Number of protein chains: 2
Amino acid sequence: MTHLRSGQVAEQAGVNPQTLRYYERRGLIAEPPRSPGGHRAYPPETVDLLIVIKAAQRLGFTLEEVAELIDTGRRGHPTPDLRARAKAKIAEVDARIADLMTIRTTLNQVVTAGCDSLTDCTCPDCPMVT
Amino acid sequence: MTHLRSGQVAEQAGVNPQTLRYYERRGLIAEPPRSPGGHRAYPPETVDLLIVIKAAQRLGFTLEEVAELIDTGRRGHPTPDLRARAKAKIAEVDARIADLMTIRTTLNQVVTAGCDSLTDCTCPDCPMVT
DNA sequence: GGTAAGCCTGTACCTGGGTACCGGGTGCAA
DNA sequence: TTGCACCCGGTACCCAGGTACAGGCTTACC
């Protein structure tokens, strides 16, 4: 009674059932025990793990990074690894934001300069190509 | 002498030769005339077109959007289409920046709260899951 | 006319994060 | 015991934007 079937885990975690097997292949969730017939029997904590995985993904971590974070966390090391990685991720996010700000500025110039064609813009000092 | 071979176009535009054929398939560049032996003979303007395509990509337009922009521009319509699309793209960029700012804030909370594990965080009011 | 570089088509592969389909086996309840 | 939902493994496919490879032909230069 303390175990869940894959469909139940998927529904409670809000993911597609296929995603469970995918995460298992990717090493994000452990291979659960099986019923005599070969059906996966998940411990209830798997739902929480999936929720955490989704949260980490929303923070911009790739599945590979999430797998590493889970892995170092599970070894019981009291490492500052998560904080270090979060700091590194902040730097990545900042870089991406800076990129987008540059793009935004150029797009704004396109609008205010009155560009009317990608290929034959008649506006002076067209900001597209530069 | 007024035409270029695919390798020359690719080199001058700074793209991979294979990319030329890919863009041709995608409808971004027209099918050029061929030599008697079947080799593509590009007009020199193709280089400029490729440079413009790359510039538009850097502004966040997808290849499909670029194809449409080239297409409406080439029909000679003096439409405000490019400006309208640039404005829409600015809105997309703004939304993405807002997303990233939210992510940044949460990551910062992870750092300052001292989260030490994805799965078993000991910090109070862990911001990961919420 | 030989040879090497370059180009041709078609097809397969890559990244990342899944999703869908197929044919067949299981689990559970009535 | 039968019916049906569910699950199994394996494989293929999706998005975007390319990149790579194989086997064969063309072009250019000496």
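Everything quoted here is computed from the prediction, not taken from an experiment. Convention: sequence-line order gives letters A, B, ...; per-chain numbering from 1.
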Taking all non-hydrogen atoms of both residues into account, name the closest pair between B:P32 and B:A41 and its distance.
CB-O, 3.7 Å
Please report the closest heavy-atom contact between A:P44 and A:L4, naming both atoms and the distance.
CA-CD1, 3.9 Å
Short N-O contact, B:E31 and B:R40, less than 4.0 angstrom:
no
Give a yes or no on whether a salt bridge exists between B:D116 and A:R83, defined as a side-chain N under 4.0 angstrom from a carboxylate O.
no
Nucleotide [N], atom [atom2] - distance to [atom1] of [X] in whole Å:
{"X": "A:E24", "N": "D:dC8", "atom1": "CD", "atom2": "C1'", "answer": "12 Å"}
{"X": "B:R58", "N": "D:dG17", "atom1": "CZ", "atom2": "C1'", "answer": "15 Å"}
{"X": "A:E11", "N": "D:dC7", "atom1": "CD", "atom2": "C1'", "answer": "15 Å"}
{"X": "B:L4", "N": "D:dT27", "atom1": "CG", "atom2": "C1'", "answer": "15 Å"}

In the 5'-to-3' direction, what one-character label does each nucleotide of nucleotides 17-30 of chain C receive under the scheme B = base within less than 4.0 Å of a protein heavy atom, S = sugar-phosphate only, - = no such atom?
BBSBB---BSS---
A:S6 side chain: which of D:dC7, C:dC7, D:dG9 is closest?
D:dC7
Is there a side-chain contact between A:R40 and the phosphate of D:dC7, meaning an N or O under 4.0 Å from OP1 or OP2?
no
Given A:E65, which partner from the list A:R85, A:K89, A:Q57 fulfils the side chain to side chain donor-acceptor pair (under 3.5 Å) test?
A:K89
Quick one: does B:T19's side chain have a donor or acceptor within less than 3.5 Å of a partner on B:V15's backbone?
no
